[in-house]
There are 2 protein chains.
Amino acid sequence: MSSSIPSEWLQQHFNLEEVGPAYHQLYRLICRAILEGKFPAGTRLPSSRDLAGDLGIARNTVLQVYGQLADEGYVRAGVGQGTYVEDISQDLVEPADEASDSSQEPDRRAPLAGTPHGLSRRGRNVMNHLGFSNRQTGAFMPGIPDVREFPLKVWSRIQNRQWRAGPWDLMRYAPAGGYGPLRQAISDYLGSARSVRSTARQVVMTTGIHQGIDVAARLLCDDGDVVWIEEPAYWGIRNLLSSSGLRVVPIRVDDEGICPGAAELAHPPRLIVVAPSHQYPLGMVMSLARRRMLLDYARQVSCWIIEDDYDSEFRYGNRPLPSLQGMDDADRVLYAGSFSKTLFPGLRVGFLVVPDVLANHFANAIAELYREGNMMSHSVLAEFIREGHFGAHIRRVRKRYAERRECLIEEIHRHFGSGLGIVGDRSGLHLVLALPEGVEDAMVVRDALDQKVITRPLSAYYLNRGHARPGLLLGYAGVTPEEIRPAFSALAGVLDHYL
Amino acid sequence: MSSSIPSEWLQQHFNLEEVGPAYHQLYRLICRAILEGKFPAGTRLPSSRDLAGDLGIARNTVLQVYGQLADEGYVRAGVGQGTYVEDISQDLVEPADEASDSSQEPDRRAPLAGTPHGLSRRGRNVMNHLGFSNRQTGAFMPGIPDVREFPLKVWSRIQNRQWRAGPWDLMRYAPAGGYGPLRQAISDYLGSARSVRSTARQVVMTTGIHQGIDVAARLLCDDGDVVWIEEPAYWGIRNLLSSSGLRVVPIRVDDEGICPGAAELAHPPRLIVVAPSHQYPLGMVMSLARRRMLLDYARQVSCWIIEDDYDSEFRYGNRPLPSLQGMDDADRVLYAGSFSKTLFPGLRVGFLVVPDVLANHFANAIAELYREGNMMSHSVLAEFIREGHFGAHIRRVRKRYAERRECLIEEIHRHFGSGLGIVGDRSGLHLVLALPEGVEDAMVVRDALDQKVITRPLSAYYLNRGHARPGLLLGYAGVTPEEIRPAFSALAGVLDHYL
C-alpha cells in the first residue's frame, strides 16, 4: 500500500471545523481506519511534517497522536524509518492462552467484541491481560475449594435465627470499617491462628483480596509509583494495580521467596505485595531470613508491604511460620485475608489488618469509595466463627484436602516415577508439576483440555515471559480421589507426547 | 522562628549514606518535621540553593521536594519570597462539616488519626473530601429507604427453597457479567419500566453505583482525562473518580438539568455523569431539549455518558420521562442502577446497561478486577423479580413515601407558609428546603443536630463552594409521620433563629 492512501483518506475525513481539539479527532480517525482495516498492518503513515501540512494543523499535534498510537500498540515508529501500522488482529480476539478453551461452552469468559471500540489505553491494557476464567469446577482447576463441603445447614440455622429477629440495622450500608462483632471475631482468630497482632479496630472489612489491594493502592500510592509483586504471582493483582496507575515491577522468587537484586533494592518501591506463607503459584514458604530482610528494608525505605495470606490455613503436616505481620515492629505490614478459600468464594468477605495509625483512614476510605453493606452475612459469619464452626470446618476440609493431595501425588509417581518434579511446600489447594525446559506448557494445557482435563500453564503467571519456567498448576481441593485418578491418567497420556 | 532552625535540624537528620534517592529522604524528613510540629505554620524553609549546599545534594532535588510539598499543601512558595510552612492543623482532624456531629456516638464515622501518616497524595485527597456518614436512621437522614418495609419473609422463603436444593454452583465466583437469570430479569424489567433498550448480555452486574462508575472510569478513561459531574452532585462519585486519576469538572445545573457553557463545550470531556430522572440532590428532571442536546454532543465529540438512575422508581403523581438510554441512537449512554433504594442498601446489588459493543469488555473487566460472587442472593433476587414481588414492593412503598412526603410538606407550610421554597420534582426519597441567601446552612445543620435532628447542608454537595446555594436536604422515606412532626417542629425552632 503506498503512503499516499492514508494521507488522502485522512484529508477527506479530517474536519477542521469540528468542535474539540484536533488531536482527539485525528487520533480517532486513525484508530478507526486501523480497526476497520482501512489501514492494514504494514501500511506506512505519512510523515508528521507532510500530514500536518496536508491537514493544516501543527506538526506537534501529529507527533503527539503518533506517539499515543505507538504507546497503545497501533503503530510502530522506527527512528528515521517512518511510522507503520502494527498487526492488531490478535487484540481483536481473546488472549492466546485462553482462546482454545472458550469456544463451545456457554459459561466461559465472554468473548471480546470485534474491536476495542472506545476503550481507553488503560482499558485496553486490562483487556489484553485478562487472567480470570469462568471455569471453576473439574479436575484440576486450581485455586478453588470444595464448596460441597461447606456446612450450609449450620449457616442457614444461624441465619434464620438472626433474620427472625428483624435484622433491620444489618440491612443498611456498613459503617466505616465494617460490622464490629465480625472485626472482633477475626482479630481474635488471627491472633491465635496466625500470630497476627491486632485490635478489632485494625481489622477493616473488605469484599476480598482484590478490594484490599485496591484500597491500599489508592491510599498509599500515587500514579506512577512502583509496586513490587512476586514473579510469578497470582494474575488477579497485576491488572488491578496497573489500572490504578501503578508501575508493576515483577521481582523473581527463589527457594526462600521474593529475591530482589541489588539494582532493584537501589530503587525502592512504594508497595510490595508478597504471599509469604504460601507463594502463589509456586507454593514455597518465605524463609525467616528473607522475612527479616524484607521487614528491615521496608522500614529503611519507608515502603509498605501487603502480606497476602490467602490460604495459610491449608497446611498438611508441618506447622506454619507465624505471619509476617506478627514479626513487624515498624508498622509497615498490611495483612490481607479472605474467606474465599476457607468457606466459599461467592461469600465475598475479606479483611485487611492495617497498622493502627492507618486504621481509621482505611475504614473511612472503604466506606467512601465502595459504600459497602452485606452485614446480614457478616453477622452470620461472626456467629459462625464464635460458635467454633469455622475452626471445625477448617480441620475437616484440611484432612480431606490432604487425602486428595496424597492421591494426586501417588498418581504422578505411578505414571512418571520421579521424572517430573513437584514444586511447592505441603500446603494449599494445588501443586505445580514441573515440566522439562523447552516444553511449551500452554500447548500441554490446550491438548489436555481436549481430553476435558483443566490445568493452568505455570508460564502464564510470569509477567516477564523470559523468566518463565514450564509447568502445570494442578488443583486437587475441589475433586475427589475418584475424579482425580481418571483425570490424571488422561493428562498423563497427553504429557507422554511432550516428554 | 528564624530560617536557620529548619536548616540545622535537616542537616542533623539527613543521612547521605541512606539507601534510596535523596529526594525521598528529604521529603520524608520535612513532612515529619511539619506533621510533628517541629516546623510550625509560618516557618520559612531555607532557600533551595542554601539547603542543597548544606546537605551536599543537587539543588534540583530540593526544588523537586519543595514542589511536591507545595502540591500537597504542606508549604506555599511565593515567587522570590521564600517557602513557608502552611497551617495544616485542619488536615489533622475531620472535615469541618462533619466534625460537629461525630464526637459522641460510637456508630459515627471513625475519627482520623493524628496525622495523615504515610498516605499518598491521592490518599490524603480522599481523606480531605470524605462525604459519607455512618448515620442512617432518624429524621431527616436523606438517601435512605425504609428497610423495615422490606418483605423479608418472602425473601427468606425463596432463599430457603433455593438453598435446600444445594446451591453449590451459586457459591462460586460469579461468571463474567454475573448471574444470567438476574441479568435477564433486569433487562425485562428496565425495558417496560424505564424504556431501557437492552438484551440480557448488555446488563452487567455490579455491587452498586460506585462499582459501576469505577469500572467505567478504568475502561473508558485514562489518567488525567476530564469527567463532568453535575454541580451540585452526590458526594460519593467525586472521590471515586479523582482517586482513579480523573479530573473532575463540576458543571452547573439549571432548571432543565446539566447546563454546560460555551467554554466548557469547547473542551469535551471523556465522560459525563448525570442523573436525568432525578438530579441529586436538587431533584429536577432533565428536560427533553437538554437530553437531546446532551446526546447530540456526546455523539459529536465521542464522549460517554453515565446515566445514574438511582431512584427513578419513586415518582409521586406524574409519569416519568423515559430513560436517556432509551433515546440514545449512538450508543454513548451507560445506564447505571441499583437495588439500594428500592430494596435495601446492604444488599449491594447494582448493574450497568452498556452498549452492546462494550458488553463483553465490561463483563470481563468486572470479573477480572473485582472477582465478584454473591450469586446466592442474586438468584433469590431474580426469582423475587420474576414472581412479581419487586413490582409489588415498589408500588407499596411508593404510596407510603408519598404520604410521608405530603406530611413533611404540610409541616413546612404550617411553620413557614410559603416563606421557604421546596426544591425538586415530586419524586425521590428527600426534598430540599431552600434557605435565603446568606444563611450558613452548615450552621443550621449543626444546631439541628444538637436537637437530635439530622439534615444535610445543600452547600456541601457543591465542589465549587462559590456556586453553592444554602438549603437543607430532608429525607422523609425512612421516617413515619409520627416521627416527622416533632422532628420538624424542633428543626423549625432552630431555623427561626436564622430567618
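Values below: all heavy atoms of this structure, side chains included; hydrogens, waters and symmetry mates excluded. Chain A is the first sequence line, chain B the second, and so forth, proteins listed ahead of strands; every chain is numbered from 1.
- Heavy atoms closer than 4.5 Å to chain A are found in the side chain of B/Gln159, but not in its backbone.
- B/Tyr173 touches chain A through backbone and side chain together, each having a heavy atom under 4.5 Å away.
- Residues B/Tyr179 and B/Ser379 have side chains in contact (heavy-atom distance under 4.5 Å, counting atoms from C-beta outward).
- Note on A/Asp225 versus B/Arg122: no salt bridge recorded, every NZ/NE/NH1/NH2 to OD/OE distance being 4.0 Å or above.
- Chosen from A/Asn160, A/Val215, A/Leu170, the residue pairing most often with chain B at heavy-atom distances under 4.5 Å is A/Asn160.
- Looking only at side-chain heavy atoms (C-beta outward), A/Pro355 and A/Leu334 come within less than 4.5 Å of each other.
- Across B/Arg371, B/Lys153, B/Gln211, the residue that shares the most heavy-atom pairs under 4.5 angstrom with chain A is B/Arg371.
- Looking at A/Thr137, only its side chain comes within 4.5 Å of chain B, counting heavy atoms on both sides.
- For the options A/His267, A/Glu372, A/Arg148, A/Arg348, heavy-atom pairs under 4.5 Å to chain B are most numerous at A/Arg348.
- Note that A/Arg332 lies in the cation-pi zone of A/Trp304, set by a 6.0 Å cut-off to the ring centre and a 45° limit from the axis.
- For A/Met171, the parts lying under 4.5 angstrom from a heavy atom of chain B are both the backbone and the side chain.
- The most heavy-atom pairs under 4.5 Å with chain B, out of A/Ala217, A/Ser377, A/Cys221, come from A/Cys221.
- Using a 4.5 Å cut-off between heavy atoms, B/Arg270 contacts chain A through its side chain alone, with no backbone atom that close.
- Residues B/Arg218 and A/Asp214 are paired through a salt bridge, judged by an N-O separation under 4.0 Å between the basic side chain and the carboxylate.
- Across A/Gly123, A/Gly373, A/Ser244, A/Gly346, the residue that shares the most heavy-atom pairs under 4.5 angstrom with chain B is A/Gly346.
- Residue B/Leu347 touches chain A through its backbone alone, counting heavy-atom pairs closer than 4.5 Å.
- You'll find the side chain of B/Ile213 reaches within 4.5 Å of the side chain of B/Leu241, heavy atoms only.
- Both the backbone and the side chain of A/Gln136 come within contact range of chain B, with heavy atoms under 4.5 Å apart.
- A 4.5 Å side-chain heavy-atom check between A/Arg164 and B/Ser156 finds every atom pair outside the cut-off.
- Taking the side chain as every heavy atom from C-beta outward, A/Glu368 and B/Trp235 approach each other to under 4.5 Å.
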